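For clarity, every value in this text was computed on a predicted model and none was experimentally measured. Quick note on labels: first sequence line is chain A, next is B, and so on, each numbered from 1.
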There are 2 protein chains.
Amino acid sequence: MEGIRVVNTLSYGLLTLLSASSLSGYELTQNIKPLWRAGHSQIYPLLVTMEQLGYITHERVEQADKPDKKIYTITGQGLDQLRQWVEIPAEPPAVRDELHFKLYSLWLSKPAEAKALLLKRKEFCQSELERYHLLLANNEALCAERGEARELEATTFGRYLLLSKRIMETETSIRFCTWALEQLESGAERPF
Amino acid sequence: MEGIRVVNTLSYGLLTLLSASSLSGYELTQNIKPLWRAGHSQIYPLLVTMEQLGYITHERVEQADKPDKKIYTITGQGLDQLRQWVEIPAEPPAVRDELHFKLYSLWLSKPAEAKALLLKRKEFCQSELERYHLLLANNEALCAERGEARELEATTFGRYLLLSKRIMETETSIRFCTWALEQLESGAERPF
DNA sequence: GAGGACATGTAACGGGTTACATGATTTG
DNA sequence: CAAATCATGTAACCCGTTACATGTCCTC
């Protein structure tokens, strides 16, 4: 029962981001988006708990142009926990996409509505793809900027792997939507 | 506030499966797996609620070779609800994959462990892919068996779309793992 | 001065996982 | 007779979403 897991998966996610650079709760909420869906109402209370456990510390930073913020920094203890966790095999992702049900019972809807459903998803994926490409470009700029520091290079590599994953996945979603839209009009080949 | 949503997403998922054929709670638990992650402890109580709402009915079926079961059937009211729901645009899927964090902080782990992490995921995806191909073959057999009935053809098409989606996605995951493993050994090209 | 981005929090509710609990039937 | 599959249910706890709540600072 007394597990390796200290708090929960999200807490390790926060440690992961903090292991690359110190960030505020607000910045964590923004930066975690491509990795994991989580709202600020989950993150702020979790940061308090993690600080009580000694995995992070915070420092209030006053800003002239914006409201004050709390910058969280990972501790040695937090880094140790994270190091142990990263080597444990990852759980398979939970399949949970509403579109699956809607595809399955697509025969119940009018052809125009079926088409709209797939187009909407395709457009969403296309905007996501753009965002990921921007993040990737940012990451490369950072990499070029201080290409000497060995550790920074390493975290840049992690971001590169992750963004590559998301880009490949999103491109596949777009390919699927395009193919499925074709299927709705003809009766044709399969994509594999 | 008085929404279109009657119970929750899972309940529409169950209606979706029941709109293709009547099934027991146990069978629903098995069949929903490629579409949505849900355990039997979510499904059994939900079926009771949905029956109270008049969307499904059940009939006890005695079996000689196996324990008795309750076969659930969708009602006209349930079909109406489902028809309304399928045309509402699908929510984007929630990104929630532990591997994202582990990739991001891969630099913290030993190279051998990093490799193991990706290999494990790759193997999982390969076994998933096999399962989907089997389901697809099953679906085609069903299709060939009674190729006359128009409605059955329609539900077969839905399953075909869905399985194609899962197959494309799983193949992409495998491609990613293969590519990432290569990256760990060299410093090379990106896959897009 | 209205709206938007930045910034941090709390509370209620519903969804989802794990564990507890039981029992029939078949196969090795 | 032990293990696996089929079959159905309940309960406790944790996780996640939505809504409530407040406030700064900048730009139009």
Contact nearer the 5' end of DNA chain C, comparing Val48(A) with Pro67(A):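 Looking at the nearest nucleotide for each, Pro67(A) comes out on the 5' side.
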
Is any side-chain nitrogen or oxygen of [X] closer than 4.0 Å to OP1 or OP2 of [N]?
{"X": "Gln63(A)", "N": "dA7(C)", "answer": "yes"}
{"X": "Gln42(A)", "N": "dC15(D)", "answer": "no"}
{"X": "Arg96(A)", "N": "dT17(C)", "answer": "yes"}
{"X": "Tyr26(A)", "N": "dT8(C)", "answer": "no"}
{"X": "Arg60(A)", "N": "dA7(C)", "answer": "no"}
{"X": "Lys70(B)", "N": "dG9(D)", "answer": "yes"}

By salt bridge (charged side-chain N to carboxylate O under 4.0 Å, His left out) - contacts of Arg37(B) (at least two apart):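 For Arg37(B) there are no salt bridge (charged side-chain N to carboxylate O under 4.0 Å, His left out) partners, ignoring immediate neighbours.
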
Starting the side chain at C-beta, find the nucleotide from [options] nearest to [X].
{"X": "Ser41(B)", "options": "dA7(C), dT26(C), dT10(D)", "answer": "dT10(D)"}
{"X": "Tyr72(B)", "options": "dT17(C), dG9(D), dT26(C)", "answer": "dG9(D)"}
{"X": "Asn8(A)", "options": "dG16(D), dA7(D), dC15(D)", "answer": "dC15(D)"}

Can you tell me the distance, in whole Å, between the [atom1] atom of [X] and the [atom2] atom of [N]?
{"X": "Leu14(A)", "N": "dC15(D)", "atom1": "CG", "atom2": "C1'", "answer": "14 Å"}
{"X": "Ile43(A)", "N": "dT17(D)", "atom1": "CD1", "atom2": "C1'", "answer": "13 Å"}
{"X": "Lys66(A)", "N": "dT24(D)", "atom1": "NZ", "atom2": "P", "answer": "17 Å"}
{"X": "Leu23(B)", "N": "dA7(D)", "atom1": "CG", "atom2": "C1'", "answer": "14 Å"}
{"X": "His40(B)", "N": "dG16(C)", "atom1": "NE2", "atom2": "P", "answer": "16 Å"}
{"X": "Gln30(B)", "N": "dT8(D)", "atom1": "CD", "atom2": "P", "answer": "11 Å"}
{"X": "Glu91(B)", "N": "dG15(C)", "atom1": "CD", "atom2": "C1'", "answer": "15 Å"}
{"X": "Lys69(B)", "N": "dA7(D)", "atom1": "NZ", "atom2": "P", "answer": "5 Å"}

Parallel, tilted or perpendicular for Tyr12(A) and Trp85(A), by the 30°/60° rule?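 Correct class here is parallel.
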
Just say parallel, tilted or perpendicular for the rings of Tyr44(B) and His40(B), cut-offs at 30° and 60°.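 Correct class here is perpendicular.
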
For Val95(A) and Leu35(B), which heavy atoms make the closest approach, and how far apart are they?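 Minimum heavy-atom contact is CG1-O, 3.8 Å.
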
Side chain of Ser24(B), base of dT8(D): donor and acceptor closer than 3.5 Å?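 No pair found.
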
Excluding sequence neighbours, so at least two apart, what forms ring pair (Phe, Tyr, Trp, His ring centres under 6.0 Å) with Tyr26(B)?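 So Tyr26(B) forms no ring pair (Phe, Tyr, Trp, His ring centres under 6.0 Å) with any residue.
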
